[in-house]
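See structure below.
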Amino acid sequence: MGGTVSCPDFDLAGTLASGQVFRWTQGQSPPQGRRAGPAFTGWIGPAPVRIAQEDSILSFQGTSAQAVRAFFSLDLDLPAIARSIDVDPFIHAALQSHWGLRVIRQEPWESLASFILSAFNNIPRLTGMIEELSVRFGEKPDGVGPLRGPTPFAFPRPEALARVSERALRRCGLGFRAPYLRAAARSVAGGAADLERWGGLDDDALREKLLQIPGVGEKVVECVMLFGYGRGGAFPVDVWIGRAMRSGYFRGRRRTDRRIREFARRHFGPMCGWAQQFLYCQARGARHRGAWHHQGLRTSLEAAFPSGSIS
DNA sequence: ACCCAGGTGAGGG
DNA sequence: CCCTCACCTGGG
């Protein structure tokens with residue numbers, strides 16, 4: 001299966017690099033075509049996929065156009081979302097710098113597991129852990145031929161991980177996260193956590209349910225809601241967003257994550273999760289450009305968020 | 001060698 | 001509620 005889909009207001013490379021998903025890699029050779037961008041390989045649900053962008057056209061192999069659209073939220077109107085969250089100079093700058101960024105919708109289980117593993121971790125290591133788990137416990141779909149990515153193994157199903165000992169999980173480098181992931185897998189596999197059915201719940205009910213899963217706290221809940229269930233009103237506050245928000249909206253003063261989240265929901269409205277993604281990339285971009293290594297935190301954030309503070 | 005990382009859960013104020 | 005702290009490892 002393969003084909004093309006139209007993708008206005010979309011930045012494939014930027015979206016895949018924005019810390020929402022951890023199993024996509026840039027392929028070696030761009031597909032034929034003068035203005036084609038690099039090809040990426042990864043997974044959309046159970047299917048290994050290869051995909052490349054040329055202007056406003058996405059060409060892909062391995063899955064359906066509908067799956068591609070859903071995965072990258074191409075069915076949503078980014079300009080409309082942007083207008084709704086474009087309420088101050090900080091977010092405005094972030095929207096401009098990262099135009100085309102979209103919130104990805106991946107499977108709730110993979111999202112849940114990935115963000116459980118993100119605790120007190122860094123992205124390179126997290127990526128390695130997920131890779132290791134997939135190689136050892138993921139299924140290999142039949143007929144993985146021409147579009148084989150880095151790993152011909154799917155992300156492990158909860159049933160598979162539920163059978164694995166904590167010790168074996170630790171051997172994948174999970175450290176103290178091993179019992180958390182194991183407990184979550186057992187909870188899902190055993191039916192106590194019915195991720196599929198929970199898709200029908202409203203935000204508050206879903207939040208409450210997810211929070212009961214072992215190893216899942218407020219931050220992970222928001223990530224799963226945003227990246228796994230497509231809930232635009234979720235607002236994960238990680239260290240990067242925390243810094244950015246304190247700097248931009250609270251004059252650098254301490255605020256609890258909860259307060260930051262509540263402020264963001266009021267301030268940005270029902271699609272605040274998208275604002276989060278843009279601000280996250282903006283804050284992280286400042287670090288990648290070296291700002292935080294060579295200057296103080298405050299000054300670098302001012303570089304990342306060029307206007308004066310509000311609120 | 002040394003520091004630190006996209007958090008959670010437990011304990012106490 | 002809010003604050004503090006320990007926590008497995010391996011990238012940088």
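Every chain is numbered from 1 and lettered A, B, ... according to where its sequence line falls, protein lines coming before strand lines.
Using bins of under 30°, 30° to 60° and over 60° for the plane-to-plane angle, the ring pair Phe227(A)/Phe115(A) lands in the parallel bin. Between Phe278(A) and Trp99(A), the two ring planes are tilted [angle within 30° to 60°]. Taking the six-membered ring where the residue is Trp, Phe250(A) and Phe263(A) present perpendicular rings, their angle passing 60° and hence far from 30°.
Remark: Phe120(A), Asn122(A), Pro124(A), Arg125(A) in residues 115-128 of chain A come within less than 4.0 Å of DNA chain C through at least one heavy atom.
Side-chain contact annotation: Asp238(A) with Tyr280(A), donor-acceptor N/O pair under 3.5 Å absent. Side chains of Ser18(A) and Gln277(A): a donor on one and an acceptor on the other come within 3.5 Å. With 3.5 Å as the limit, one finds no donor-acceptor pair spanning the side chains of Gln66(A) and Ser64(A).
Between the P atom of dT9(C) and the CZ atom of Phe176(A) lies a distance of 10 Å, rounded to the nearest Å. Taking atom CG on Leu181(A) and atom C1' on dG9(B), their separation rounds to 17 Å, with Å as the unit. Going from atom CE of Met245(A) over to atom C1' of dG6(B) covers 16 Å, rounded to whole Å. Rounded to an integer number of Å, the gap from CZ of Arg258(A) to P of dC3(C) is 12 Å. Rounded to whole angstrom, the span from the CE atom of Met129(A) across to the C1' atom of dC7(C) amounts to 13 Å. If you measure from atom CZ of Arg171(A) to atom C1' of dC8(C), you get 15 Å, rounded to the nearest angstrom. Atom CG of Asp257(A) and atom C1' of dT8(B) are 12 Å apart (whole Å). Atom CD1 of Ile130(A) and atom C1' of dG10(C) are 15 Å apart (whole Å).
Neither OP1 nor OP2 of dC1(C) sits under 4.0 Å from any side-chain N or O of Arg255(A).
Between dG11(B) and dC8(C), the distance separating the two P atoms is 15 Å to the nearest Å.
Toward the 5' end of DNA chain B, the nearer of the two residues Ile213(A) and Val239(A), judged by each one's closest nucleotide, is Val239(A).
Gly217(A) comes within contact range of the sugar-phosphate backbone alone, with a heavy-atom separation under 4.0 Å but no base atom that close. Residue contacts shown for Pro214(A) are limited to sugar-phosphate atoms, with no base heavy atom under 4.0 Å away. Here Val237(A) lies out of heavy-atom contact (under 4.0 Å) with every strand. Across all strands, Gly19(A) comes closer than 4.0 Å to base atoms (heavy-atom distances). In this structure, Arg170(A) reaches the sugar-phosphate backbone alone: every heavy-atom distance under 4.0 Å involves primed, P, OP1 or OP2 atoms, never a base.
Screening Ile44(A), Leu16(A), Ile130(A) for a side chain to side chain contact (heavy atoms under 4.5 Å, CB included) involving Val21(A) leaves a single residue, Leu16(A).
A donor N or O paired with an acceptor N or O is found under 3.5 Å between the base of dC8(C) and the side-chain atoms of Arg177(A).
Checking dC7(C), dC3(C), dC1(C) against every side-chain atom of Thr256(A), the shortest atom distance belongs to dC3(C). Across dA5(B), dT4(C), dG6(B), the shortest atom-to-atom separation from the side chain of Arg254(A) is found for dT4(C). In the set dC2(C), dG6(B), dC7(C), the nucleotide with an atom closest to the side chain of Cys223(A) is dG6(B). The side chain of Val220(A) lies closest to dT8(B) when the candidates are dG6(B), dT8(B), dC8(C).
Across all strands shown, nothing is found opposite dC8(C) as a Watson-Crick or G-U wobble partner with both distances under 3.5 Å. Using N1 to N3 plus N6-O4 or O6-N4 for Watson-Crick, or N1-O2 and O6-N3 for G-U wobble, each under 3.5 Å, dG6(B) pairs with nothing.
Between the side chain of Thr63(A) and the backbone N or O of Ala47(A) there is no donor-acceptor pair closer than 3.5 Å.
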